[in-house]
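All of these numbers come straight from a predicted model, not from anything done at the bench. Sequence lines set the chain letters: A, B, ... in the order given, protein chains first and strands last, and positions in each chain run from 1.
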Number of protein chains: 2
Amino acid sequence: MSSKKNKTSYVILGLLNEENLSGYEIKRIVDDRLSFFWNESFGQIYPELKRLTSEGLIAVSSADRPVYSKQSIKYEITEPGRLELQEWLKSPVEKELIRFEILLKLYFSNANSSDTMLEHVKEFQTSHLRQQQLFQQFEAQLKQNIDVHSNHRQILMVLSFGQKMWEAYAAWSEETLRLLEQNITAQEDDTDE
Amino acid sequence: MSSKKNKTSYVILGLLNEENLSGYEIKRIVDDRLSFFWNESFGQIYPELKRLTSEGLIAVSSADRPVYSKQSIKYEITEPGRLELQEWLKSPVEKELIRFEILLKLYFSNANSSDTMLEHVKEFQTSHLRQQQLFQQFEAQLKQNIDVHSNHRQILMVLSFGQKMWEAYAAWSEETLRLLEQNITAQEDDTDE
DNA sequence: AATAATTTGTATCTAAAAGATATATTTAGA
DNA sequence: TCTAAATATATCTTTTAGATACAAATTATT
C-alpha cells in the first residue's frame, strides 16, 4: 500500500469515491469541473484505470454492466482504494505547478512589441471572463440543490478560489492594457518628432 | 526556421537576448525571477543549449571564455536566434498550465477531514506569504535602479501579476481557514450530543 | 428512411516537462 | 588544511500534455 502514485490515480479514486464512472465520464468531469486548476488526458486516464484495477484499488462495476450493447466500462472504488485515497488526503500537499506563457512573453518583450502584447492580453482577458462565467453557472447550480454532493461545502471552497483568481486576472488585464497603451502612444510621439 | 519548439528554448533565447549566460546561470535566474509563473529543470536546459547551438540560434561565447580555470561555458544569442525569439513573441499565447494539488485534495475531502485540510491551507498560506515577500524585495530593488534592464516596465507588469495572485491566495486562505474551523466545531458539537 | 454529423467511448503514441541523481570543481570558512 | 557549501555540467526516469486513431451510438438533416 501507499506506494508513490501519480496524481491521475488520485483523481480517479477521488471521483469514483462519489459514484461509479467510465474513463470517458472521468475525463468529462475533470474538464467540466476541475479544469481551472487541474487537467487530465485520456493518455493518463485509461492506462491508470487498468493499473488501478490490477492493483485492486478499483474494479469493473458489475452493477452498471453494459445494458444491451453499450460498450462503456464503468469502474467502482474498492475498500483498499478508499484507504489509499484517505492516506493521500493526509499526505503533504505538493507545490502547485504553474506556467503562464503570456507572462514569459511579456517578460521578454520590449517597448516595440507593446502592440503585440496588447493583443495577447486582450485575448487573455476575454478567454478568462468566459471561463469565469461558465463556473459561475456551475456555482449557482450547486448552491440551489444542496446535498447532491456530500462534499458541496468543499466544492464551494474550491470554486471560491477560482473566483478570486478570475478577479485577479480581470484586474491585472485592465491595468496592463492601460500600461501597454501608454507605451504605444509614447512610442508614436517619439517617431513623430 | 520557426519549427515548433519546446518552451525551454524560448526561455533560453529570451534570457540570452539580454546577456550572455551559462546553463547554471539560466537555471538560477529562472528560479529567482520567474519561478512564480515558470520553472525549468537542468534536464531541460542543458540538452536544449546543445540543440540550439547546433541549430545556430545561440553560440558559445568566445568573449566570456573561461578566464583561468573556470569551467563555466557561457552562451550568446545569434541573429537567427533573435529572429526566432521575435517570431515566438508574436505567435498566439498558449493556454496556461495550472495544477493545484491542494484544491484537488479539498475537492475530494469531506467534513471529517477538515482538520487535515486546515493544516494544508495553513501551510499554503505561509509558504506563499514567504514567496510574496521575496518578490516584493526584487520589485523594490528594480524600482530603485531603473534602466538596468531595458525591459523594466515589462518586468514590473509581470510582477504586478504575481502581486495580485498572492493577494488572492491570502484572501482565499483566510476565508477557507474560517470555513474549515466552522466545520470542525460543528463536527465536535455533533459528537458531543 | 437514408445519410451526415456529432457525441460517446476506448485506446495508444510521441514529445515535453518535472524531478531526481551523479559528479567534479571552486570558493569560503573553521 | 580540511570541510562544507556553492557552482557547474550532465543524464536518467517518470509523469504529463497533446495528438491521433478508430468504432459505436446518437442526433440532426435532407
May I have the distance from [X] (atom [atom1]) to [N] (atom [atom2]), rounded to whole angstrom?
| X | N | atom1 | atom2 | value |
| --- | --- | --- | --- | --- |
| B:Tyr75 | D:dA10 | OH | C1' | 11 Å |
| B:Asn6 | C:dT14 | CG | P | 18 Å |
| A:Tyr46 | C:dG9 | OH | P | 8 Å |
| B:Ile45 | C:dA16 | CD1 | C1' | 14 Å |
| A:Ile29 | C:dT8 | CD1 | P | 13 Å |
| A:Ile26 | C:dT8 | CD1 | C1' | 15 Å |
| B:Arg28 | D:dA6 | CZ | P | 9 Å |
| A:Leu49 | C:dA11 | CG | C1' | 11 Å |

Problem set entry | Any residue meeting salt bridge (charged side-chain N to carboxylate O under 4.0 Å, His left out) with B:Arg28, in chain and number order, not counting sequence neighbours | none
Problem set entry | Which residues share a salt bridge (charged side-chain N to carboxylate O under 4.0 Å, His left out) with A:Asp31, sequence neighbours left out | A:Lys27
Under 3.5 Å, N/O pairs linking protein and nucleotides 18-22 of chain C:
| residue | atom | partner | partner atom | Å |
| --- | --- | --- | --- | --- |
| C:dA18 | OP2 | B:Asn39 | O | 3.3 |
| C:dA18 | OP2 | B:Gln44 | OE1 | 2.9 |
| C:dA18 | OP2 | B:Gln44 | NE2 | 3.2 |

Exercise. Does some side-chain heavy atom of A:Tyr107 sit less than 4.5 Å from a side-chain heavy atom of A:Phe100?
Worked result: no
Problem set entry | Flag side-chain contact, heavy atom, 4.5 Å: A:Ile58 against A:Lys50 | no
Exercise. In a check of salt bridge (Lys or Arg N to Asp or Glu O under 4.0 Å) between B:Arg99 and each of A:Glu40, A:Glu94, A:Glu96, which one passes?
Worked result: A:Glu40
Phosphate OP1/OP2 of [N] contacted by [X] side-chain N/O (<4.0 Å):
| X | N | answer |
| --- | --- | --- |
| B:Thr8 | C:dA16 | no |
| B:Lys50 | D:dT11 | yes |
| A:Tyr24 | C:dT8 | yes |

Exercise. A:Ser109 and B:Gln154: side-chain donor and acceptor closer than 3.5 Å?
Worked result: no
For this session: Under the side-chain hydrogen bond (donor to acceptor under 3.5 Å, both in side chains) rule, collect the residues that match up with B:Ser127, sequence neighbours excluded.
Result: none
For this session: For residues B:Leu57 and B:Thr78, report the shortest heavy-atom separation together with the two atoms involved.
Result: O-OG1, 2.9 Å
For this session: Sort and list the pairs that fulfil ring-ring contact (aromatic ring centres under 6.0 Å, His included) and have at least one residue in residues 72-91 of chain A, not counting sequence neighbours.
Result: A:Tyr10-A:Trp88
Seminar exercise, completed: Residue pair A:Lys7/B:Gly23 against DNA chain D: nearer the 5' end by closest nucleotide is B:Gly23
For this session: Measure the angle between the two terminal helix axes of the helix from C:dA1-D:dT30 to C:dA30-D:dT1, five base pairs each, and quote it to 10°.
Result: 30°
Exercise. Which of these nucleotides, C:dG9, C:dA17, D:dT7, is closest to any side-chain atom of A:Ser72?
Worked result: C:dG9
Problem set entry | Touch class at under 4.0 angstrom, heavy-atom based, for A:Lys27 against every strand present | nothing
